[in-house]
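Heads up: the structure comes next, in structure tokens.
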Amino acid sequence: TFASNLLVQKYGEFGSLQDARNVFTAMPLKNLFSFAIMLSAFAKNGHLEEAKRVFDEMPQRDLVCWSSLIAAYARQGRLDQAKAILVGMPEWDLVVSTTMLTAYAHGGYLRDAKVVIQAMQERDLVSCTAILYAHVRDGNLNEAKRVFDGMKEWDLVSCSVMVTGYAHRGHLEQTKNVFDEMKVRNIVAWNALLLAYVESGQLKEAKTVFDAMPQHDLLTWHTMLTAYAQGGYIAEAELLYESTMQEWDVISCTTMISAYAQLGHLERARAVFDSMLEWD
RNA sequence: CGGGGAUGGUG
């Protein structure tokens, strides 16, 4: 049972749900974990009906199973259904609250988010980060910073939430302050710093950050591209496109197309579009 | 051995 559970989990992580299900149904003895892992596999891959069916078939359910199901609905923005499940639960814990909080904050239901925050008894790093995130979504950076400063510990995710919150609003000084205080920095933090410069119109400084970054990803290019397009720097945009286009996705190409279109280069916009048709 | 937190275009 132990080994089969692991196998189901691995298939689930890989997205091979059919294989996961086959192993699961063939298991002669299933324990709580077996059901929970199968449930989680469907839930994480967005198969809500299947997840619900496993849930309904379970002989016993603990908090983790309820939470897993709620997270599945919440992630897809099915907040009503997530909430319906929530109120049917025998008891709540910090993880369920955090799941709902994030879902509300992400969907812009800030009033509901605040109700959850006030109902939370205990807090840990993850739930504090979710609270922080809720304030950022609310556009209330002062409150976000208050929460951030009041935290007992910080990690990459909490710092990233704070730094991207500032960057999105073009608060360059605050972005730099948080960024500078980070002990380790990942691509999310670097992208935020880059964005802050772009948002405050400092293209030259932005390029310096771009060159100083340890890595670039789709978002990095997207941010630079947007900056170039806004400033009318078509040659620079084109250079960026040509050097990195092999790794671009639909969003980057769409941005490139509208950049060309905006600046009146319709044939080149068309060329980018045509290159996309050869993808599959 | 299972559940919760972060960055881009259009909608």
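A, B, ... follow the sequence lines: proteins, then strands. Residue 1 opens every chain.
Between the side chain of A:Asp93 and the backbone N or O of A:Val96, at least one donor-acceptor pair lies under 3.5 Å. Although no hydrogens or angles enter the test, the distance criterion places no donor-acceptor pair under 3.5 Å between the side chain of A:Trp92 and the main chain of A:Met120. For A:Arg61 (side chain) and A:Phe55 (main-chain N/O), a donor-acceptor pair under 3.5 Å exists by modelled atom type.
Minimum atom distance to the side chain of A:Val126 is reached by B:G5, of the listed B:G3, B:G2, B:G5. Looking at the side chain of A:Ser40, the nearest of the listed nucleotides B:G2, B:G4, B:U7 is B:G2. Taking only side-chain atoms of A:Val161, from C-beta outward, the nucleotide of B:C1, B:G3, B:A6 with the closest atom is B:A6. Listed candidates were B:G5, B:U7, B:C1. Nearest to the side chain of A:Leu219 is B:U7. Of all nucleotides listed (B:C1, B:G2, B:U7), B:U7 comes nearest to the side chain of A:His168. Among the nucleotides B:A6, B:G3, B:C1, the one closest to the side chain of A:Val95 is B:G3.
Contact annotation for A:Leu94: base contact, defined as any heavy-atom pair under 4.0 Å involving a base atom. Nucleic acid contact class of A:Val136 (heavy atoms, under 4.0 Å, all strands): none. No contact: A:Cys253 has no heavy atom under 4.0 Å from any strand. Here A:Thr226 lies out of heavy-atom contact (under 4.0 Å) with every strand. Residue contacts shown for A:Ser97 are absent, as no nucleic acid heavy atom lies under 4.0 Å away. Nucleic acid contact for A:Arg123: none, since no nucleic acid atom lies under 4.0 Å from a heavy atom of the residue.
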May I have the list of side-chain donor-acceptor pairs in residues 168-181 of chain A shorter than 3.5 Å, sequence neighbours left out?
residue: A:Thr175; atom: OG1; partner: A:Ala167; partner atom: N; Å: 3.3
residue: A:Thr175; atom: OG1; partner: A:His171; partner atom: O; Å: 2.7
residue: A:Asn177; atom: ND2; partner: A:Glu173; partner atom: O; Å: 3.4

I'd like a table of donor-acceptor pairs (distance under 3.5 Å, sequence neighbours excluded) in which one partner is a side-chain atom from residues 41-49 of chain A, with atom names and distances.
residue: A:Asn45; atom: ND2; partner: A:Gly12; partner atom: O; Å: 3.4
residue: A:Asn45; atom: ND2; partner: A:Ala41; partner atom: O; Å: 2.7

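Atom CD in A:Glu13 sits about 11 Å away from atom C1' in B:C1, given to the nearest Å. The distance from atom CE of A:Met120 to atom C1' of B:G4 is 11 Å, rounded to the nearest whole Å. Per the geometry, OH belonging to A:Tyr11 stands 19 Å off P belonging to B:G2, to the nearest Å. If you take CG of A:Leu32 and C1' of B:G3, they are 12 Å apart, rounded to a whole angstrom. Following rounding to the nearest Å, A:Ile85 (CD1) and B:G3 (C1') show an atom-to-atom distance of 13 Å. In this structure, the CZ atom of A:Phe35 is 18 Å from the P atom of B:G2, given to the nearest Å. Straight-line distance from the CD atom of A:Glu122 to the P atom of B:G4: 17 Å, rounded to whole Å. As rounded to whole Å, 15 Å separates atom P of B:U7 from atom CZ of A:Arg169.
Judged by distance alone with a 3.5 Å cut-off, a donor-acceptor contact links the side chain of A:Asp93 to the base of B:G3. Side-chain atoms of A:Ser67 and base atoms of B:G3 include a donor and an acceptor less than 3.5 Å apart. Within 3.5 Å, no donor on the side chain of A:Asn5 pairs with an acceptor on the base of B:G2, nor the reverse. Taking only distance into account, the side chain of A:Ser68 never meets the base of B:G3 through a donor-acceptor pair shorter than 3.5 Å. The base of B:A6 sits within donor-acceptor range of the side chain of A:Asn186, with an N or O pair under 3.5 Å. For A:Asp62 and B:G3, a side-chain-to-base donor-acceptor distance below 3.5 Å is absent, hydrogens and geometry of angles not being considered.
Sequence neighbours left out, the pairs with a member in residues 108-117 of chain A that pass salt bridge (Lys or Arg N to Asp or Glu O under 4.0 Å) are A:Lys114-A:Asp138. Among pairs with a residue in residues 236-256 of chain A, those fulfilling salt bridge (Lys or Arg N to Asp or Glu O under 4.0 Å) read A:Glu238-A:Arg268, at least two apart in sequence or across chains.
In this structure, A:Arg137 does not reach the B:A6 phosphate: none of its side-chain N or O atoms is under 4.0 Å from OP1 or OP2.
The aromatic rings of A:His216 and A:Phe210 lie parallel to each other, with less than 30° between the two planes, well short of the 60° mark.
Legend: residues meeting side-chain hydrogen bond (donor to acceptor under 3.5 Å, both in side chains) with A:Asp80, ordered by chain and number and at least two apart, are absent.
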Give every pair of a protein N or O atom and an N or O atom of nucleotides 9-11 of chain B that lie under 3.5 Å apart, one pair per line with the distance.
residue: B:G9; atom: N2; partner: A:Thr254; partner atom: OG1; Å: 3.4

